[in-house]
Amino acid sequence: MLGETKFKNENIFSIAFATIFLKTIQKYETFNEKEWKDAIDSFKDAIINRKNDIELFELFEYLNNLCSVSPKPFVLLIDEVDSARNNQIFLDFLAQLRAYYLKRDSISTFV
């Protein structure tokens, strides 16, 4: 869903990914827990108010927060990875996903 310009730098990629992620959550989520709604609102506010300083680290901090309060686990499917082999931003994103996966016992992202 992301065109080449969305991979220009970490900030642009992080905002684009977060926007798609939140739109998808809002389309399908039916959770009413206050903690969940607060985490969503915090993520939305960050996208709107911090458009120039959200990089992969901050993106993953918000994802961790959402995962830690979510009543259900998230599943992220990534396809066509071979077509991104020359895209450093995407490779960094995948490396961060892997690092969080390896730490899944102590970090909420993959619990």
Side-chain angles (χ1 to χ4, degrees):
M1 293 177 58
L2 299 177
E4 186 176 328
T5 59
K6 299 300 183 196
F7 292 92
K8 187 174 182 179
N9 63 46
E10 278 188 43
N11 183 71
I12 292 170
F13 173 80
S14 295
I15 294 295
F17 180 87
T19 301
I20 292 169
F21 188 83
L22 280 173
K23 283 181 182 180
T24 303
I25 286 174
Q26 290 175 318
K27 183 177 180 181
Y28 297 106
E29 67 90 1
T30 57
F31 311 134
N32 291 318
E33 291 83 0
K34 182 181 178 350
E35 217 175 15
W36 170 253
K37 292 196 178 285
D38 289 347
I40 292 288
D41 289 343
S42 175
F43 202 13
K44 276 190 232 176
D45 288 344
I47 292 170
I48 293 167
N49 297 322
R50 297 182 57 208
K51 281 198 174 216
N52 295 322
D53 65 343
I54 295 180
E55 295 185 355
L56 288 176
F57 176 79
E58 290 83 12
L59 173 65
F60 275 87
E61 289 295 310
Y62 286 105
L63 294 174
N64 285 340
N65 188 34
L66 286 172
C67 289
S68 70
V69 299
S70 177
K72 294 183 180 179
F74 288 107
V75 176
L76 176 63
L77 300 176
I78 300 174
D79 195 10
E80 305 284 336
V81 173
D82 56 324
S83 65
R85 68 179 172 269
N86 293 325
N87 188 314
Q88 190 59 50
I89 302 297
F90 189 64
L91 294 176
D92 292 346
F93 175 75
L94 293 176
Q96 199 135 3
L97 281 174
R98 183 177 188 278
Y100 279 94
Y101 173 76
L102 293 174
K103 293 181 179 185
R104 67 190 175 274
D105 291 334
S106 61
I107 298 176
S108 300
T109 305
F110 292 98
V111 173

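Heavy-atom basis, side chains included; hydrogens, waters and symmetry copies ignored.
Atom CG of Asn87 is separated from atom CD of Glu4 by 8.0 Å, given to the nearest 0.5 angstrom. Here OH of Tyr62 is found 15.0 Å from SG of Cys67. Values are rounded to the nearest 0.5 Å. A distance of 6.0 Å separates CZ of Phe17 from CG of Leu63, quoted to the nearest 0.5 Å. Expressed to the nearest 0.5 Å, how far CG of Asp53 lies from CD of Glu55 amounts to 8.0 Å.
A heavy-atom distance below 4.5 Å is found between the side chains of Lys44 and Leu22. In this structure, Glu33 and Pro71 have side chains that are in contact, with non-hydrogen atoms separated by less than 4.5 Å. The side-chain heavy atoms of Ile25 and Phe43, taken from C-beta on, include no pair separated by under 4.5 Å. Side-chain contact check for Ile78 versus Leu97: some heavy-atom pair is nearer than 4.5 Å.
Judged by a 6.0 Å distance limit and a 45° cone about the ring axis, Arg104 is positioned over the six-membered ring of Tyr101.
Under a cut-off of 6.0 angstrom, the local environment of NZ in Lys103 is sparse, with at most 12 non-hydrogen atoms contributed by other residues, nucleotides or ligands. Other residues, nucleotides and ligands contribute only 12 or fewer heavy atoms inside 6.0 Å of the CD atom of Glu35.
Note on Phe21 and Ile12: separate hydrophobic clusters, where clusters join Ile, Leu, Val, Met, Phe, Trp and Tyr whose side-chain heavy atoms are under 4.5 Å apart, directly or indirectly. There is no path of hydrophobic side-chain contacts, each under 4.5 Å, that joins Ile20 to Ile48.
Remark: side-chain polar atoms of Asn11 are paired, donor with acceptor, to backbone N or O of Ile54 under 3.5 angstrom. Checking side-chain atoms of Glu10 against main-chain N and O of Leu56 turns up a donor-acceptor pair under 3.5 Å. Of the possible polar contacts, none joining the Ser42 side chain to the Asp38 backbone as a donor-acceptor pair under 3.5 Å is found.
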**Asked** Are Asp92 and Gln88 close enough, and set up right, to give a side chain to side chain donor-acceptor pair (under 3.5 Å), and what steps lead you there?
**Response** CA-CA 6 Å; Asp92 292 346; Gln88 190 59 50; 2.7 Å; yes
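Across all non-hydrogen atoms, the minimal contact from Ile15 to Thr19 is O-OG1, 2.7 Å.
With no hydrogens or angles considered, no side-chain donor-acceptor pair links Glu61 and Asn65 at under 3.5 Å.
With side-chain heavy atoms closer than 4.5 Å counting as contact, directly or through intermediates, the hydrophobic cluster containing Leu77 also holds Val75.
For the ring pair (Phe, Tyr, Trp, His ring centres under 6.0 Å) criterion with Phe93, the lone passing option out of Phe57, Phe60, Phe7 is Phe60.
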